[in-house]
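In what follows, a single structure is set out as structure tokens and then discussed.
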Amino acid sequence: MRKPCVVNLFKPASCLLLGLVCCLACVYLRAAPPAEPPRLVPQPMEMTPGSGVFEITGRTPIFIPPDCPPAKLVAETLNNQLAGTGLRLPVKVLTAASVRRAISLRILAKPDPKLGEEGYSLDVSPNGVAIAANRPAGLFYALQTLAQLLPSPAGEVKPRLILPAVSILDAPRFSWRGLLLDCSRHFFTASEVKAYIDGMARYKFNILQLHLTDDQGWRIEIKSRPKLTTVGAWRVPRQGPWWSYDPPQPGEAATDGGFYSQEEIRDIVAYGRDRWVTVVPEIETPGHSLAAIAAYPEISCGGGPFQVNPGSKFYGTIENSVCAGNEATFAFLDQVFGEVAALFPSPYIHVGGDEAFHGFWAKCPKCKERMARENLKSLAELQSYFIKRVEKIVESKGKKLVGWDEILDGGLAPNATVMSWRGTAGGEAAARQGHQVILSPSPQYYLDLYQGDPLLESNTYALARLREVYLFEPVPASIPPQLALGIQGNLWSESIPNLRQAQYMTWPRALAISESAWTPQTQKNWSDFFTRAEAQMQRLAIAGINCARSVYDPIVTPKKDGEGFLVLELSSEIEGVALHYTFAAANPDETYPAYRSPLRIPRNAAEIRVVAVRGGKPVGRQLNLPIPELAKRLGQPCKIYP
Ligand code: ACM
Ligand code: ZN
């Protein structure tokens with residue numbers, strides 16, 4: 001009889017063998033590298049890497065709770081995310097208490113207070129993927145995390161997908177995680193807006209503020225006011241640096257622009273809803289209204305005629321506010337907000353309120369009469385009167401008012417939520433008065449600003465590099481957490497001529513904003529974030545989303561040394577790079593001198609050329625900076641050449 005192939009563990013020889021096996025196992029275990037945490041953005045609240053993997057094949061079912069259409073939608077979202085891999089998973093209704101070798105989505109019968117409205121738990125083990133949440137939103141966010149756990153698709157068909165074992169418990173820091181898209185200064189088509197929503201949803205943004213009206217174009221069909229789009233949506237075409245354009249010429253046709261029909265608005269809103277992105281409309285008033293008064297000059301102070309501004313300088317010389325003294329203005333706003341409220345399920349309507357020029361109000365008989373009748377002592381009080389009336393209109397349509405922080409001037413409307421953009425001071429002031437606030441301060445959360453050296457980027461106003469955006473803490477300690485509704489990045493489109501450039505300006509800085517919006521503040525860490533952001537930048541590129549790589553570019557900072565000479569400091573936003581430079585007319589690479597300490601300018605040098613090198617190879621773009629430009633940036637007299 002053949003002996004069974006087992007070892008008697010209690011014989012002395014076997015004990016030796018057992019000892020050897022244990023030792024080897026210990027050596028192996030010690031030598032095995034710890035499982036690398038998945039590179040996720042935003043970083044979850046709690047994450048524990050596990051051991052082993054789960055394989056998704058075309059036969060892996062997604063189980064959803066019975067009678068839960070949003071969960072079905074979430075399952076479909078996962079299938080759409082897998083589209084590039086060729087896998088399409090069967091969606092089945094969950095009946096058993098536990099399932100194996102499946103992806104199961106559950107709504108918790110007994111809500112877990114740690115998860116709130118949008119949190120989730122996600123457990124990947126060799127037995128399957130178990131996702132649970134209090135609400136369908138949590139299931140959706142779990143799937144966004146799951147998508148980042150999957151290997152980067154790179155578009156190729158795969159018979160199976162390997163998920164690393166991990167256990168995640170996650171919930172957002174803020175309930176308002178917004179981005180603003182300015183569709184007025186540049187008109188983005190409905191399908192471009194939807195593409196923008198796709199990018200947002202990946203990173204758990206849940207608010208898209210559409211800046212629908214401004215001096216340069218009115219972008220939403222208002223059926224009771226058709227000229228808003230037949231006239232207000234169109235301007236003369238111009239290209240080049242914004243604010244330098246020629247004004248409309250006599251007889252010139254206004255051919256540049258566009259608007260969303262109400263049908264398209266409903267479509268955008270539904271597209272957002274299916275991705276847990278609420279679209280919040282912004283209708284600017286009383287300022288930023290040149291397109292509105294070009295269409296309906298009777299609601300201006302002076303009566304016009306006006307033309308939609310193409311991006312030329314006009315502020316203070318041409319009216320762009322509606323008249324605060326004229327009842328026709330409020331009748332107009334009642335019609336507009338009535339139609340807007342019916343189109344957008346969002347509980348909020350943003351009414352602008354920023355940068356209203358009051359010079360024409362000061363000269364207007366109707367505005368003066370209003371001030372006298374209402375006993376208003378200043379133009380700021382007139383603006384406050386105006387916004388309070390707008391709040392009544394907005395509330396009569398069943399909505400809540402949000403406005404930029406200028407709505408504080410002259411006194412806040414009773415229930416207003418304040419969006420702080422001139423730094424955080426407006427947010428702090430509003431919170432002191434007990435109002436809710438959203439922090440979207442310039443420069444840190446202004447996605448239209450430079451993210452790299454201005455000589456390498458398109459013309460704009462100021463600088464907000466990725467590192468600064470990430471490290472910025474948006475909520476000052478003086479704002480009680482219960483009044484801080486959330487945060488928002490704003491993409492103004494003066495210098496953004498198309499969707500590719502909109503993506504370039506948004507990503508990767510919106511990754512940083514997403515993490516500040518979602519992840520507990522105490523867990524944020526720049527170098528860890530950047531490693532994870534790099535993985536996401538690759539994913540964005542694979543998804544066809546244009547993502548800037550300016551963070552890899554060198555930074556050259558002019559300083560003055562103790563003897564009054566201009567010296568140059570070279571640096572990088574990221575760790576682990578060397579900066580190689582030359583003052584000669586040549587293109588530096590890793591063989592050129594590496595920067596160690598501030599550099600004086602060699603005699604007659606016309607420019608410095610710098611490149612960042614990582615892993616022995618240049619990364620990012622080469623920066624060529626003329627010496628006179630650096631002396632100008634220093635902003636004070638200095639000696640240049642020894
Ligand atoms: C703004 O940037 N004027 C809100
Ligand atoms: Zn007036």
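In this text, all values refer to a predicted model and were calculated from it rather than measured experimentally. Atoms within a ligand are numbered from 1 in the order they appear, just like the ligands themselves.
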In terms of ring plane angle, is the pair W507 and F205 parallel, tilted or perpendicular, where the classes change at 30° and 60°? perpendicular
Do the charged groups of E263 and R266 touch, with an N to O distance under 4.0 Å? yes
Round to 10° and report the angle made at the Zn ion (ligand 2) by SG of C301 and SG of C367. 110°
So if I count the atoms of ligand 1 from 1 in the order they appear, which ones are less than 4.0 Å from some heavy atom of W492? 1 (C), 2 (O), 4 (C)
Of all the atoms in ligand 1, which lie at a distance below 4.0 Å from a heavy atom belonging to E355? 3 (N)
Nearest non-hydrogen atom to atom 1 (C) of ligand 1 belongs to which of W404, Y446, Y461? Y446
Hey, what's the ring geometry for F529 with W526, parallel, tilted or perpendicular (30° and 60° as the breaks)? tilted
Checking a contact table here: which protein heavy atom is nearest atom 3 (N) of ligand 1, and how many Å away? D354 OD2, 2.6 Å
Is the distance between the ring centroids of H350 and Y348 under 6.0 Å? no
Answer yes if the ring centres of F330 and F337 are under 6.0 angstrom apart, and no otherwise. no
